[in-house]
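What you see is a predicted model, and the numbers here were worked out from it, not measured in a lab.
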Amino acid sequence: MIRLENVTKTYGENKNALDNVSLHIYPGEFVFIVGDSGAGKSTLFKLLIKELEPSSGEIIINGQPLVRMRRRKIPMLRRNIGVVFQDFRLLKDRNVFDNIAFAQRAIGISSDREIQKNVSDVLKLVKISNKYKSLPDQLSGGEKQRVALARALVNKPKILLADEPTGNLDPGNSQIIMGILEEVNRRGTTVVVVTHNHEIVRQMNKRVINLKNGVIVNDIQEGGLAR
């Protein structure tokens, strides 16, 4: 599903943000990627969504090598990857329904009936159906993150990548978001969460990949964080 083979990403004067990293994430897994600031988490995330290119090594997602991928194929790759960011990235001038529908139209779905059904289904999944007419500024932080999740999920991606999805949320809303991610995973989506929230990681009891100074120092299949 996701493979990195000997991936290095160098910035500036030989500063390795990632240093010869290899890892495999398999279909249906739920994986946390953790580490202190500067460990390489953000670089890894940006490599997976092809915002960055590795300095060396191979990245393969859904059987497709990213390093040699032609630009015209990138939109097709991203159709199978849902992405959630800490800062939500909602369109401020559009209501909840239209924020989510935008993701459908971006991949070429034009049927209003199909869009209506898909958006309604995903709003039910994230338990925010009653807010479909609300603008982002009318929502709480937890509600905004649920809308962002819905937008990432509406195209039924095989992989969901979440970058600090609870970073701006209180513990109660963090639990709600993680519960939704767990349900999405139960339905078959591979989930990868980049986070610094160690309490959430311990509670979830999933595979944990720990980065430090650009290298993997632990890869624990289940049972939380190494001490």
Side-chain angles (χ1 to χ4, degrees), residues 1-2 27 42 45-53 59 61-66 69-169 173 176-177 179-194:
M1 180 64 71
I2 298 174
S42 294
F45 186 86
K46 290 176 181 177
L47 288 169
L48 293 178
I49 61 175
K50 207 167 168 59
E51 280 191 5
L52 292 176
E53 296 289 339
I59 302 173
I61 296 181
N62 290 331
Q64 301 181 68
L66 266 60
M69 182 174 287
R70 295 183 178 180
R71 185 175 298 274
R72 61 183 173 82
K73 290 189 175 182
I74 294 175
M76 184 63 69
L77 169 77
R78 289 178 174 166
R79 288 186 188 187
N80 288 314
I81 302 175
V83 183
V84 180
F85 299 95
Q86 179 178 352
D87 57 359
F88 318 129
R89 302 195 184 184
L90 301 178
L91 301 170
K92 294 182 179 180
D93 61 340
R94 304 189 190 194
N95 65 26
V96 167
F97 182 94
D98 288 335
N99 261 279
I100 300 168
F102 180 82
Q104 292 266 274
R105 296 188 176 99
I107 65 168
I109 296 176
S110 58
S111 166
D112 289 341
R113 179 177 293 182
E114 184 177 358
I115 291 172
Q116 174 75 45
K117 180 185 184 304
N118 291 340
V119 173
S120 296
D121 286 347
V122 79
L123 282 171
K124 290 177 185 175
L125 173 63
V126 301
K127 301 178 176 63
I128 201 171
S129 297
N130 62 324
K131 298 288 186 177
Y132 74 101
K133 289 184 178 180
S134 299
L135 292 169
D137 287 346
Q138 298 171 316
L139 303 174
S140 69
E143 289 168 341
K144 288 178 183 177
Q145 193 60 290
R146 281 192 260 177
V147 176
L149 257 177
R151 183 182 57 191
L153 293 168
V154 71
N155 293 333
K156 300 179 177 63
K158 295 179 180 179
I159 300 169
L160 180 68
L161 303 176
D163 185 16
E164 301 284 5
T166 64
N168 290 327
L169 306 181
N173 278 305
I176 291 170
I177 294 299
I180 294 168
L181 291 177
E182 194 161 36
E183 174 61 25
V184 168
N185 180 244
R186 278 197 295 266
R187 297 183 181 196
T189 300
T190 302
V191 176
V192 180
V193 178
V194 174

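Note on Arg186 versus Glu183: salt bridge recorded, some NZ/NE/NH1/NH2 to OD/OE distance being below 4.0 Å.
Asn80 CG to Ile159 CD1: the interatomic distance, rounded to the nearest 0.5 Å, is 7.5 Å. Here the CD1-CG distance, from Ile49 to Leu66, works out to 11.0 Å after rounding to the nearest 0.5 Å. Distance check: Leu90 CG to Asn99 CG gives 5.0 Å after rounding to the nearest 0.5 Å. Taking NZ of Lys46 as the reference point, atom CG of Leu52 lies at 6.0 Å (rounded to 0.5 Å). With rounding to the nearest 0.5 angstrom, the CD atom of Gln138 is 12.0 Å from the NZ atom of Lys133. Separation of atoms OG (Ser120) and CG (Leu125) is listed at 12.5 Å; rounding is to 0.5 Å.
The backbone N or O of Gln86 lies less than 3.5 Å from a partner atom in the side chain of Asn168, making a donor-acceptor pair. For the pair Asn155 (side chain) and Ala103 (backbone), a donor-acceptor distance under 3.5 Å is present. Formation of a donor-acceptor pair under 3.5 Å by the Asn118 side chain with backbone atoms of Val154 is not found in this model.
Annotation for Pro157 and Ala152: closest pair CG-O, 3.4 Å, computed over non-hydrogen atoms. The shortest non-hydrogen separation linking Leu153 to Val184 is CD1-CG2, 3.5 Å. Counting all heavy atoms, side chain and backbone alike, Ala150 lies closest to Ile100 at CB-CD1, 3.6 Å. Across every non-hydrogen atom of Leu139 and Ser134, the tightest pair is CD2-CB, 3.8 Å. Across every non-hydrogen atom of Pro136 and Arg94, the tightest pair is CD-O, 3.1 Å. Nearest heavy atoms, Phe88 versus Arg151: O-NH2, 2.8 Å.
For the pair Phe45/Val83, a side-chain contact is recorded, criterion being any heavy-atom separation below 4.5 Å from C-beta on. No side-chain heavy atom of Arg146 sits under 4.5 Å from any side-chain heavy atom of Lys131. Side-chain contact between Leu149 and Leu181 is present, with at least one heavy-atom pair separated by less than 4.5 Å. Taking the side chain as every heavy atom from C-beta outward, Gln145 and Leu169 approach each other to under 4.5 Å. Between Ile128 and Val147 there is a side-chain heavy-atom pair separated by less than 4.5 Å.
Within 6.0 Å of atom NZ in Lys50, more than 12 heavy atoms from other residues, nucleotides or ligands are found, so the atom counts as buried in its surroundings. No more than 12 heavy atoms of other residues, nucleotides or ligands lie within 6.0 Å of OH in Tyr132, so this atom counts as exposed by the packing criterion.
Listed by chain and residue number, nothing satisfies the side-chain hydrogen bond (donor to acceptor under 3.5 Å, both in side chains) test with Asn62 (two or more places apart in sequence, or in another chain).
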